[in-house]
Amino acid sequence: MSDTEKVFVPSYPYEAGPARGVLSPFEPGTRTLTAGFQVAPGFLPLPVEIVFEKDVAVTLRDGVTIYTDVLRPAVVEPVPVLVAWSPYGKSGGTAPTTTSLFDMIGVDNSALSGLGKFEGPDPAFWCANGYAICNPDPRGVANSGGDSYLWDRQEGRDCHDLIEWLAEQEWCNGKVGMSGTSYLAVSQWFTAAEQPPHLAAINPWEGISDVYRDLVLRGGMPDLGFTKQLQRNFAGAGRREDVAAEAEQRPLFGALWQEKVPRFDRITVPAYIVASYSNTLHTQGTFRAWRRITSQDKWLRIHSTQEWPDYYDEAHRDDLRRFFDHYLRGEDNGWEQTPRVRYATLDLHGVDRVEQPAGAFPPADVENTKLYLDASSRTLRREAPASEGSVRYAAQALPGGVSFLARFDEETELVGYPKAHLWVEAEGADDMDLFVLVQKLDANGTALQQFTVPHRSAFLQDVTEQSASVLRYKGSNGRLRVSTRHLDSDLSTDEIPAHTFDRVEKLAAGDVAEIQIDLSPVGLVFHPGEQLRLVISAHNLLGAIMPGVPFHEPRNTGVHLVHTGGARASYLQLPLKTA
């Protein structure tokens with residue numbers, strides 16, 4: 001499509017200096033960084049000599065010039081290269097915003113060289129193992145020309161051109177890979193869908209895969225706080241795409257938003273995908289991409305922490321190196337014998353079970369089981385109540401929601417995709433914003449939660465109490481604006497409902513709506529006596545994704561009713577592992 005539906009505004013100003021990182025000044029040229037070099041005090045000294053080509057000009061197919069840094073081992077033989085595509089700045093590894101964030105969550109800055117991009121591969125490790133690292137500034141960012149885009153097929157086309165340029169360099173063996181978390185993961189979906197001939201493997205480490213459904217209008221609700229913060233990374237001399245303004249102007253899914261969904265069927269390159277259950281920004285998008293890409297050589301690892309400490313963990317980095325060694329260096333190292341899925345189940349007050357092998361996700365021994373809501377007892381039961389009932393709550397009052405409990409008499413594991421299938425009604429309103437949470441309770445009825453990062457300071461206790469949901473896991477969650485309940489018949493399955501979000505169907509007085517809500521994938525173990533709690537609420541139960549970011553405040557009014565039993569048998573479908 002053309003850019004006619006997109007909104008462009010002046011970019012934020014870019015000024016090189018300490019705030020952008022030690023190496024942010026524009027200084028084209030080649031230098032050698034000797035073994036032992038430190039980019040700044042406190043960072044990891046380089047273990048090997050590295051050739052550093054700074055601010056190299058690359059011309060894209062439409063004539064726009066972007067600039068990239070290349071760090072490569074000082075060797076004679078050609079090497080493969082890993083691309084870290086994001087707008088975060090080529091020198092972002094030493095920026096105070098990066099180091100202070102890592103300090104806050106407990107990632108050791110001294111274990112990194114500072115020469116990698118924020119959320120990207122560290123040249124200290126990869127160059128020592130025979131790889132080059134390419135850190136580009138995309139179009140419109142820093143000194144690169146053109147206007148910038150946020151998670152769009154245009155980025156895929158641009159990175160395609162960069163990859164093909166890299167493959168032609170005399171120091172490159174013609175094999176290019178991509179790696180990184182968050183933004184650097186999302187850019188891999190778009191790039192791989194463009195099928196650059198020399199892209200040999202990708203490693204998306206948690207990232208959204210649908211800007212509409214995962215970022216700006218999850219569940220049909222405008223939630224733009226994090227989007228507005230994210231857009232501040234687009235600093236340069238040109239214009240930037242204002243995705244928040246686009247969401248306000250075009251709240252229904254259409255052609256503009258389709259450009260921000262990768263063409264999954266065109267992603268055929270080998271892929272090592274990493275996911276978690278706990279990232280309220282990335283979880284559903286990562287699993288969606290895992291399901292829908294068509295690569296015959298794809299692996300999934302589901303971890304039990306948070307993406308940054310997981311990405312820079314030594315054992316996980318070595319595991320990734322085996323993947324790239326196989327596909328980018330042609331090594332016969334047995335990688336193809338790696339289980340296609342390795343998954344975790346969280347305990348929340350015991351020891352998590354990690355690295356469990358399976359041939360698929362969910363594993364083959366999972367059975368989707370319906371637990372029916374019972375309004376009279378406020379329990380979840382295996383059989384639907386014979387008689388109809390309902391439970392109500394005032395949408396603007398406290399608690400502003402209702403819950404239902406199920407107790408487990410024997411050890412039980414949930415692994416897979418839960419969903420809520422509900423019959424709901426609004427009195428005194430023509431719409432409903434609903435939030436759903438599946439919690440684990442201990443035998444005494446206390447809700448269990450788990451920090452996902454190494455630090456558990458008083459500050460993190462405070463900011464994650466009702467916000468910063470990516471840092472503390474509280475359970476599987478979902479949301480839906482009832483007027484956007486129309487299901488997409490092409491994408492929906494019995495496990496995972498998908499909505500078109502292309503129409504608004506308001507409620508008339510007396511209407512009882514049948515709705516389905518997709519909940520985030522889950523891996524939880526319940527011991528005998530522990531309980532599961534289903535919460536249905538008019539309030540945003542988790543708050544904002546990141547600390548200090550505004551979040552969607554629902555404008556619910558009137559009284560909400562949840563119907564149960566009889567012809568309106570609401571249920572929670574859970575992926576139960578069989579014995």
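Numbers here are sequence positions counted from 1.
Listed for the Ser476 side chain is a donor-acceptor partner under 3.5 Å among the backbone atoms of Ser520. At distances below 3.5 Å, at least one donor-acceptor pair connects side-chain atoms of Ser492 with backbone N or O atoms of Ala498. For the pair Asp511 (side chain) and Ala513 (backbone), a donor-acceptor distance under 3.5 Å is absent. Judged purely by atom type and a 3.5 angstrom limit, Gln188 uses its side chain to pair as donor or acceptor with the backbone of Leu184. Distance alone, capped at 3.5 Å, places no donor-acceptor pair between the Ser390 side chain and the Glu388 backbone. Under the 3.5 Å distance criterion, the side-chain polar atoms of Thr379 are left unmatched by any main-chain donor or acceptor of Arg381.
One distance of note links CD of Gln573 with CD of Gln516; it measures 8.5 Å at 0.5 Å rounding. Atom CG of residue Leu373 and atom OH of residue Tyr571 lie 11.5 Å apart, to the nearest 0.5 angstrom. In this structure, Leu471 CG and Thr305 OG1 are separated by 11.5 Å, a value rounded to the nearest 0.5 Å. Once rounded to the nearest 0.5 Å, the distance linking NE2 of His303 with OG of Ser278 reads 6.5 Å. To the nearest 0.5 Å, the span separating CG on Asp352 from CG on Leu524 amounts to 9.5 Å. Between atom CZ of residue Arg218 and atom CD1 of residue Ile545 there is a gap of 8.0 Å, rounded to the nearest 0.5 Å.
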- side chain to side chain contact (heavy atoms under 4.5 Å, CB included) between Arg485 and Leu507, worked out: CA-CA 11 Å; Arg485 62 190 178 276; Leu507 299 173; 4.0 Å; yes
- Go through the steps for Val391 and Arg378 under the test side chain to side chain contact (heavy atoms under 4.5 Å, CB included), then give the verdict. CA-CA 9 Å; Val391 60; Arg378 290 285 200 91; 3.4 Å; yes
- Would you check, one step at a time, whether the test side chain to side chain contact (heavy atoms under 4.5 Å, CB included) holds for Asp214 with Leu281? CA-CA 7 Å; Asp214 297 337; Leu281 176 62; 5.7 Å; no
- Query: Please walk me through it: do Lys474 and Ser469 pass side chain to side chain contact (heavy atoms under 4.5 Å, CB included)?
  - Reply: CA-CA 8 Å; Lys474 300 180 180 181; Ser469 56; over 6 Å; no
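Enclosure of atom CD in Glu367 is not indicated, since only 12 or fewer non-hydrogen atoms of other residues, nucleotides or ligands lie within 6.0 angstrom. Within a 6.0 Å radius of CZ in Arg322, more than 12 heavy atoms belonging to other residues, nucleotides or ligands are found. The neighbour count for Glu336 CD, taken as heavy atoms of other residues, nucleotides or ligands under 6.0 Å away, is above 12.
At least one side-chain heavy atom of Tyr473 sits under 4.5 Å from a side-chain heavy atom of Leu348. Residues Leu532 and Leu572 form a side-chain contact, since some pair of their non-hydrogen atoms from C-beta on lies under 4.5 Å apart. Taking 4.5 Å as the limit, some side-chain heavy atom of Pro575 sits within range of a side-chain heavy atom of Val522. When side chains are defined from C-beta on, Arg291 does not count as touching Glu495, because their heavy atoms never get closer than 4.5 Å. Residues Thr345 and Tyr343 have side chains in contact (heavy-atom distance under 4.5 Å, counting atoms from C-beta outward). Contact check for Tyr393 versus Pro399: no side-chain heavy atoms found under the 4.5 Å cut-off. Inter-residue side-chain proximity for Asp223 and Phe551 is flagged as met; some heavy-atom pair is nearer than 4.5 Å. Side-chain contact check for Thr286 versus Pro204: every heavy-atom pair is 4.5 Å or farther apart.
For the residue pair Asp103 / His455, no side-chain donor-acceptor distance below 3.5 Å is found, with atom types taken as modelled. Side-chain contact of Thr484 with His499: a donor-acceptor pair under 3.5 Å is absent, judged by distance alone. Side-chain contact, Asp310 with His316: a donor N or O sits under 3.5 Å from an acceptor N or O. Side-chain contact, Ser295 with Asp297: no donor N or O sits under 3.5 Å from an acceptor N or O. Side-chain contact of Asp433 with His552: a donor-acceptor pair under 3.5 Å is present, judged by distance alone. Of the N and O atoms on the side chains of Asp242 and Gln231, at least one donor lies less than 3.5 Å from an acceptor on the other residue. A donor-acceptor pair shorter than 3.5 Å can be found between the side chains of Glu514 and His421. With 3.5 Å as the limit, one finds no donor-acceptor pair spanning the side chains of Glu307 and Ser276. Inspection of the Ser86 and Glu119 side chains reveals no N or O donor paired with an N or O acceptor under 3.5 Å. Checked by atom type, the side-chain pair His563/Glu425 shows a donor-acceptor distance below 3.5 Å.
Remark: aromatic rings of Phe361 and Phe287 are close, center separation under 6.0 Å. Between Trp299 and Tyr272, the ring centre distance reaches or exceeds 6.0 Å.
The cationic atom of Arg213 (NZ for Lys, CZ for Arg) lies less than 6.0 Å from the six-membered ring centre of Phe253 and within 45° of the ring axis. A cation-pi contact, defined as under 6.0 Å to the ring centre and within 45° of the axis, is absent between Lys260 and Tyr212.
Using the six-membered ring where Trp is involved, Phe102 and Phe118 have ring planes that are tilted, between 30° and 60° apart. Between Phe526 and Phe408, the ring planes lie tilted relative to each other; the angle falls in the 30° to 60° range.
Of the charged side-chain nitrogens involved, at least one lies within less than 4.0 Å of a carboxylate oxygen, so that Asp319 and Arg342 count as a salt-bridged pair. For Arg472 and Glu465, the salt-bridge test passes: some basic side-chain N is under 4.0 Å from an acidic carboxylate O. Under the 4.0 Å criterion applied to side-chain N and carboxylate O atoms, Glu411 and Arg353 are assigned as salt-bridge partners. In this structure, Asp518 does not pair ionically with Lys419, as no charged nitrogen and carboxylate oxygen lie closer than 4.0 Å.
Of the options Leu542, Asn540, Ile517, Leu541, a side chain to side chain contact (heavy atoms under 4.5 Å, CB included) to Arg479 is made by Asn540 and by none of the others.
For the pair Phe323 and Ile202, the tightest heavy-atom approach, listed with the atom from each and the gap, is CE2-O, 3.5 Å.
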